[in-house]
K.L.:
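What follows is a single structure, and I will ask about it in a moment.
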Amino acid sequence: MSFSRAFSDGVTEAADPQEHMFGVPRLSELLVGQHDVPLDQLQKRVVDSVENFARGASQADDITLLFIRYRAASHTAETGA
């Protein structure tokens with residue numbers, strides 16, 4: 001099972017009070033090993049993490065996330081074996 005994700009630049013460009021950006025590496029680290037987490041919980045984790053990082057700093061952009069979970073067909077189903 002895998003999932004794909006799409007996000008707006010408002011996620012990675014969210015800034016803290018010192019104007020440091022949240023960044024792709026921080027987002028990637030947050031998502032590592034999260035394949036079995038329910039998507040609504042995963043969304044909440046990301047939004048909460050961005051909000052905690054920003055610590056109330058005004059943001060210039062929206063935060064948009066899209067998570068899609070998919071399950072690959074088994075090898076047996078694909079080959080008919």
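All values derive from a computational prediction rather than experimental measurement. Below, all heavy atoms of this structure are taken into account, side chains as well, without hydrogens, waters or symmetry copies.
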K.L.:
Return the minimal non-hydrogen interatomic distance between Met21 and Thr12, and the atom names on each side.
P.N.:
CB-O, 3.6 Å
K.L.:
Is the closest side-chain heavy-atom distance between Val11 and Thr64 below 4.5 Å?
P.N.:
no
K.L.:
Between Asp40 and Phe67, is any pair of side-chain heavy atoms under 4.5 Å apart?
P.N.:
no
K.L.:
Could you give the distance from CG (Leu31) to CG (Leu42), rounded to the nearest 0.5 Å?
P.N.:
5.5 Å
K.L.:
Would you say the side chain of Ser8 lies within less than 4.5 Å of the side chain of Asp62, judging by non-hydrogen atoms?
P.N.:
yes
K.L.:
Go through it in stages, so that I can follow the logic: the residues are Leu66 and Phe7, the test is side-chain contact (heavy atoms from CB on, under 4.5 Å), and I'd like the CA-CA distance, side-chain angles, deciding distance and then a yes or no.
P.N.:
CA-CA 6 Å; Leu66 172 66; Phe7 53 89; over 6 Å; no
K.L.:
Are the side chains of Glu51 and Gln59 in contact, using a 4.5 Å heavy-atom criterion?
P.N.:
no
K.L.:
Could you give the distance from CG (Asp16) to CZ (Phe53), rounded to the nearest 0.5 Å?
P.N.:
4.0 Å
K.L.:
Indicate the atoms forming the closest heavy-atom contact of Ala15 with Ala57, along with that distance.
P.N.:
O-CB, 3.6 Å
K.L.:
List the atom of Leu39, the atom of Arg69, and the distance in Å for their closest heavy-atom pair.
P.N.:
CD2-NH2, 3.6 Å
K.L.:
Atom CD of Gln34 and atom CZ of Arg45: how far apart are they, to the nearest 0.5 Å?
P.N.:
4.5 Å
K.L.:
Among the clusters formed by ILVMFWY side chains lying less than 4.5 Å apart, do Leu27 and Val24 turn up in the same one?
P.N.:
no
K.L.:
Can you tell me which residue pairs pass the salt bridge (Lys or Arg N to Asp or Glu O under 4.0 Å) test with a partner in residues 17-31, sequence neighbours excluded?
P.N.:
none
K.L.:
Measure across Ile63 and Gly10 and return the closest heavy-atom pair with its distance rounded to 0.1 Å.
P.N.:
CG1-O, 3.8 Å
